[in-house]
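In this text, all values refer to a predicted model and were calculated from it rather than measured experimentally.
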Amino acid sequence: MSVTKISKDLRKNANKEKALILQSFFKTGKGQYGEGDIFFGLTVQQTRIIAKKYSNLKFDHLSKLLISKIHEERLCALLILVHNYENSTNKIERLKNFNFYLRKMKFINNWDLVDLSADKIVGKHLIDKDKSILYKLASSNNLWERRIAIVSTFNFIKNNQFNDTLKISKILINDKHDLIHKAVGWMLREIGKRNIEILEAFLKKNYKNMPRTMLRYAIERFPDEKRKAYLKGEI
């Protein structure tokens, strides 16, 4: 019954014009990375408000939302999971949320779904634990699992732990997909916000082998002259 109520609440906020824009923005056409994804046309904030309303939803109901073809229903399920993980002080409950997330990764299949959840559940859970699962994901054939691997490390970066981000960036440096180039560059830029020396040490060893998009994202905040020097290969 709760799943039906959530779906109705989401539909009440549907916006057909925005849905068309989102379906284009998230590349839902044939052969594109989000092929077949369907949108109601809600903002993230609208979906977040509904998710908070149903934050006591059980795993079996979350599973039903996550298998939905509707993007906002999957996002709502993930926002509920994030809320429950972040607001739980019970280690067993947190572990259940973490394991549920890993089991349902096949449904976390667009970049916003990854970016709004991975570091808040996977990264937060692994901050003081064995991180081998991230290296396994980084070597996956699945685009979204690779993005989960690198974006999860955002939580480590926020805690001034950079090694795993740098190691996974190295694994992904020859990745063929633009969405991985952007995610790796983003995480490297976040390291630079906190420790520019560590970022530059990594770049000087690797920037000539990095995809252009990855490099551009990583050096986005650099002074103009230095940024141009990196782009010209003159560092």
Side-chain angles (χ1 to χ4, degrees), residues 44-45 47-48 51-52 55 59 62 66 74-140 142-173 175 177 179-199 201-203 214 217-218 220-221:
V44 172
Q45 184 57 27
T47 307
R48 197 182 296 279
K52 191 172 182 180
S55 60
F59 287 132
L62 288 175
L66 276 172
R74 302 198 306 283
L75 175 57
C76 190
L78 291 169
L79 292 175
I80 291 170
L81 200 64
V82 167
H83 177 274
N84 291 348
Y85 187 92
E86 292 184 330
N87 288 277
S88 176
T89 57
N90 186 304
K91 290 183 179 180
I92 295 175
E93 289 303 314
R94 282 192 165 196
L95 178 61
K96 288 180 180 178
N97 278 272
F98 169 74
N99 286 335
F100 178 84
Y101 188 94
L102 294 184
R103 290 198 305 272
K104 302 298 180 179
M105 281 190 295
K106 66 183 290 186
F107 303 111
I108 306 170
N109 56 358
N110 217 314
W111 59 263
D112 64 318
L113 303 180
V114 173
D115 296 358
L116 289 167
S117 62
D119 72 297
K120 296 172 181 64
I121 297 177
V122 179
K124 192 167 186 176
H125 192 78
L126 297 178
I127 187 71
D128 57 354
K129 299 177 181 67
D130 177 73
K131 299 171 177 61
S132 58
I133 180 64
L134 295 183
Y135 292 86
K136 181 179 179 181
L137 294 176
S139 299
S140 171
N142 183 284
L143 163 64
W144 307 116
E145 290 184 1
R146 300 198 304 278
R147 188 160 175 125
I148 287 171
I150 187 64
V151 173
S152 292
T153 71
F154 195 10
N155 187 273
F156 311 157
I157 295 170
K158 292 172 187 175
N159 287 278
N160 294 308
Q161 297 180 21
F162 307 132
N163 285 344
D164 290 291
T165 303
L166 297 174
K167 290 177 181 177
I168 292 173
S169 294
K170 184 72 173 176
I171 292 171
L172 295 172
I173 204 165
D175 200 280
H177 206 290
L179 287 176
I180 300 301
H181 303 169
K182 291 176 179 178
V184 172
W186 168 28
M187 290 302 106
L188 291 173
R189 184 175 72 239
E190 291 298 332
I191 290 177
K193 289 180 183 179
R194 295 158 178 85
N195 193 314
I196 191 64
E197 291 81 11
I198 288 178
L199 172 57
F202 179 85
L203 289 176
M214 188 185 294
Y217 269 60
E220 191 177 84
R221 294 168 61 92

>> Rounded at 0.5 Å granularity, tell me how far CZ in Phe202 sits from CD1 in Ile173.
In response: 5.0 Å

>> On a heavy-atom basis, which atom in Gly192 and which in Leu199 lie closest, and how many Å separate them?
In response: CA-CD2, 3.6 Å

>> By the definition side chain to side chain contact (heavy atoms under 4.5 Å, CB included), identify the one residue from Leu66, Ile108, Ile148, Leu79 that meets it with Leu113.
In response: Ile108

>> Can you confirm whether Asn97 sits close enough to Phe59 that some side-chain heavy atom of one is under 4.5 Å from a side-chain heavy atom of the other?
In response: yes

> Quick one: are Leu134 and Phe156 in side-chain contact, heavy atoms under 4.5 Å?
Replying inline: yes

> For Arg48 and Leu116, which heavy atoms make the closest approach, and how far apart are they?
Replying inline: NH2-CD2, 4.0 Å

> Is there side-chain contact between Arg74 and Asn109, with heavy atoms separated by less than 4.5 Å?
Replying inline: yes

>> With salt bridge (Lys or Arg N to Asp or Glu O under 4.0 Å) as the test, pick out the partner of Asp119 among Lys158, Lys124, Arg147.
In response: Lys158

>> If I compare all heavy atoms of Ala149 with all of Ala138, which pair ends up nearest, and what's the gap?
In response: CB-N, 3.6 Å

> Between Met214 and Asp175, is any pair of side-chain heavy atoms under 4.5 Å apart?
Replying inline: no

>> For a 4.5 angstrom cut-off between non-hydrogen side-chain atoms, does Val184 reach Tyr217?
In response: no

> Between Ile180 and Arg146, what is the shortest heavy-atom contact and its length?
Replying inline: CD1-CB, 3.8 Å

> Hey, does the Lys NZ or Arg CZ of Lys129 hover above the aromatic six-ring of Phe98, less than 6.0 Å from the centre and inside 45° of the axis?
Replying inline: no

> Side chains of Leu137 and Ile150: closer than 4.5 Å at any heavy-atom pair?
Replying inline: no

> Near Arg221 CZ, under 6.0 Å, is it more than 12 heavy atoms from other residues, nucleotides or ligands?
Replying inline: no

> What is the minimum heavy-atom distance between Lys131 and Leu126, and which atoms define it?
Replying inline: NZ-O, 3.0 Å

> If only atom types and distance count, is the side chain of Asn195 paired as donor or acceptor with the main-chain N or O of Ile191 below 3.5 Å?
Replying inline: no

>> Other residues, nucleotides and ligands only: do more than 12 of their heavy atoms fall within 6.0 Å of NZ on Lys193?
In response: yes

> Do Trp111 and Val151 come within less than 4.5 Å of each other through their side chains, counting heavy atoms only?
Replying inline: no

> So, Ser132 and Asp130: side-chain donor and acceptor under 3.5 Å apart, yes or no?
Replying inline: yes

> Taking all non-hydrogen atoms of both residues, which atom of Glu93 and which atom of Ser88 are closest, and how far apart?
Replying inline: CB-OG, 3.6 Å

> Are Lys120 and Leu81 side-chain neighbours, meaning at least one heavy-atom pair lies under 4.5 Å?
Replying inline: no

> Is NZ or CZ of Lys96 both nearer than 6.0 Å to the six-membered ring centre of Phe100 and within 45° of the ring axis?
Replying inline: no

